[in-house]
Asker: 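Here it is: the structure, laid out below.
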Amino acid sequence: SRGPVVTFGMAAELWKSQQLQANGKHSSKRTMGCELNKHVLPHLKDTPIQDITYPVIRGLARAWKKVGLGNKSMRNLFGIVRAVYNFYLDETLQHGRTTMLPWLIKWSKVEPAGDVEADAPCFTPEQMAAIVEMGQGQYRSLFAVAAGAGLRAGELFALRVDDVNLKDGVVTVRRSIVEGIEGTPKNGEIRHVPIDSSVVAEIKKQLNGRKSGLVWHSNRCTPL
């Protein structure tokens, strides 16, 4: 009780340096670090870690909703707050002393009421076709595969020529590249995605007989 007050911001710095940077995927480190700095620390930085209670989290959720964050984004941010709290709780328990209670806050009890209005729809097939038509150079085929196969950006950037089976019309997703760093795809699982003949035709134009390397790359042959 005579020790210095540990704030959420102090605990978050420890979590970033000892937990997130050591164990997270590159994409997770970048995303979660940005979310923490932008949406969590401005509200909780100076709050004592042991004072993170239901009223505090409910107020935080209302603030997130006020700036237009969706339910999924708010739930992800709630997970970051919980991760920081539990990390610091474990750290203090290892030294045999803590004034913190176990994390008992449930998202279902702090989640703001959802809007009646439905989420905005995704692009229609006609809109996607128009985007592909407007693509210049290699971006035409890139947009065609994005629309036809539903790959994430990092998966597109990591796609190699030998991942594309033009004969059978199948793209194999084996890796993802984020900010030039190669890692595993979502959930770490390889998957095979069928593509139709129009997408195959766009890839053939892009490769122009090339048998190796990245399907799309910069002028220096580095990942986009």
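Treat the numbers as computed from the prediction; the structure is a model and nothing was measured. Only heavy atoms go into these numbers, but all of them, side chains included; no hydrogens, no water, no symmetry mates. We count residues from 1, following the sequence as given.
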Asker: Please indicate whether Tyr54 has more than 12 foreign heavy atoms, meaning atoms of other residues, nucleotides or ligands, lying under 6.0 Å from its OH.
Answerer: yes
Asker: When rounded to the nearest 0.5 angstrom, what is the spacing between OH in Tyr88 and CD in Gln18?
Answerer: 10.5 Å
Asker: Is any side-chain heavy atom of Trp64 closer than 4.5 Å to a side-chain heavy atom of Val40?
Answerer: yes
Asker: Does any non-hydrogen side-chain atom of Asp51 lie less than 4.5 Å from one of Val56?
Answerer: no
Asker: Check the pair Trp216, Ser141 against side chain to side chain donor-acceptor pair (under 3.5 Å), reporting the backbone distance first and the verdict last.
Answerer: CA-CA 9 Å; Trp216 304 281; Ser141 60; 2.8 Å; yes
Asker: Could you go step by step and tell me if Gln138 and Leu224 meet the side-chain contact (heavy atoms from CB on, under 4.5 Å) rule?
Answerer: CA-CA 11 Å; Gln138 67 175 344; Leu224 296 178; 3.8 Å; yes
Asker: Can you measure from CD1 (Ile203) to OG (Ser198) and round to the nearest 0.5 angstrom?
Answerer: 9.5 Å
Asker: Could you report the tightest heavy-atom contact between Arg75 and Asn71, atom names first, then the distance?
Answerer: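 Nearest heavy atoms, Arg75 then Asn71: NH1-OD1, 2.7 Å.
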Asker: According to a 4.5 Å side-chain heavy-atom criterion applied to Ile, Leu, Val, Met, Phe, Trp and Tyr, with indirect links allowed, do Met74 and Val84 form part of one hydrophobic cluster?
Answerer: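 Shared cluster, yes.
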Asker: Any idea which heavy atoms bring Ser212 and Arg210 closest together, and the distance?
Answerer: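 Looking at all heavy atoms of both residues, the shortest contact is O-NH1, 2.9 Å.
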Asker: Hydrophobic cluster membership, with links at side-chain heavy-atom distances under 4.5 Å among I/L/V/M/F/W/Y: are Leu44 and Ile80 in one?
Answerer: yes
Asker: Atom CD1 in Ile105, atom CD1 in Ile52: separation rounded to 0.5 Å?
Answerer: 7.5 Å
Asker: Any chance you could measure Leu77, atom CG, to Trp107, atom CH2, to the nearest 0.5 Å?
Answerer: 8.0 Å
Asker: Would you mind reporting whether Lys204 and Leu166 have side-chain heavy atoms less than 4.5 Å apart?
Answerer: yes
Asker: Looking at Leu41 and Gly9, what are the two nearest heavy atoms and their distance?
Answerer: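 That closest heavy-atom pairing would be CD2-CA, 4.0 Å.
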Asker: Looking at side-chain heavy atoms only, is the closest gap between Tyr85 and Met100 below 4.5 Å?
Answerer: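 Of all side-chain heavy-atom pairs linking Met100 with Tyr85, at least one is under 4.5 Å.
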Asker: Check whether any side-chain N or O of Asn86 sits under 3.5 Å from a backbone N or O of Leu89 as a donor-acceptor pair, and report yes or no.
Answerer: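 No; judged by distance alone, with no hydrogens or angles, the pair does not exist.
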Asker: Do the side chain of Ser17 and the main chain of Glu13 share a donor and acceptor less than 3.5 angstrom apart?
Answerer: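 At least one qualifying donor-acceptor pair exists.
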Asker: Please report the interatomic distance CD1(Ile195) to CD(Glu202), rounded to the nearest 0.5 Å.
Answerer: 11.0 Å
Asker: Measure across Val193 and Leu151 and return the closest heavy-atom pair with its distance rounded to 0.1 Å.
Answerer: CG2-CD1, 4.3 Å
Asker: Would the distance check show the side chain of Arg175 and the main-chain N or O of Glu182 forming a donor-acceptor pair, the cut-off being under 3.5 Å?
Answerer: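 No.
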Asker: For residues Arg62 and Lys65, determine if any side-chain heavy atom of one lies less than 4.5 Å from a side-chain heavy atom of the other.
Answerer: no
Asker: With a 4.5 Å limit on heavy-atom distance, are the side chains of Leu142 and Tyr139 in contact?
Answerer: yes
Asker: Compare every heavy atom of Asn37 with every heavy atom of Pro42, then report the nearest pair and how far apart it is.
Answerer: CD-O, 3.3 Å
Asker: To the nearest 0.5 Å, how far apart are CG in Asn76 and CD in Glu35?
Answerer: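 These two atoms lie 6.0 Å from each other.
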Asker: Heavy atoms, side chains only, cut-off 4.5 Å: are Val110 and Leu60 in contact?
Answerer: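 They are not in contact (no side-chain heavy atoms under 4.5 Å apart), so the answer is no.
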Asker: Hydrophobic clusters here meaning ILVMFWY residues chained together by side-chain heavy-atom distances under 4.5 Å, can you tell me if Leu93 and Trp103 are in one?
Answerer: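 Yes, Leu93 connects to Trp103 through the hydrophobic network.
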Asker: Below 4.0 angstrom, N of the basic side chain to O of the carboxylate: do Glu133 and Arg140 qualify?
Answerer: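 Yes, Glu133 and Arg140 are salt-bridged.
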Asker: According to a 4.5 Å side-chain heavy-atom criterion applied to Ile, Leu, Val, Met, Phe, Trp and Tyr, with indirect links allowed, do Ile190 and Leu214 form part of one hydrophobic cluster?
Answerer: no
Asker: Measure the shortest side-chain to side-chain distance between Asp163 and Val173 over non-hydrogen atoms and say whether it is less than 4.5 angstrom.
Answerer: no
Asker: Name the one of Arg174, Arg191, Arg160 that satisfies salt bridge (Lys or Arg N to Asp or Glu O under 4.0 Å) with Glu155?
Answerer: Arg191
Asker: Indicate if Val170 and Val161 have the same hydrophobic cluster label, given that clusters are the connected sets of ILVMFWY residues with side-chain heavy-atom separations under 4.5 angstrom.
Answerer: no
Asker: Step by step, work out the side-chain contact (heavy atoms from CB on, under 4.5 Å) result for Lys16 and Leu36.
Answerer: CA-CA 10 Å; Lys16 283 198 297 184; Leu36 177 68; 3.6 Å; yes
Asker: For Val145 versus Leu156, what's the shortest heavy-atom pair and its separation?
Answerer: CG1-CD2, 3.7 Å
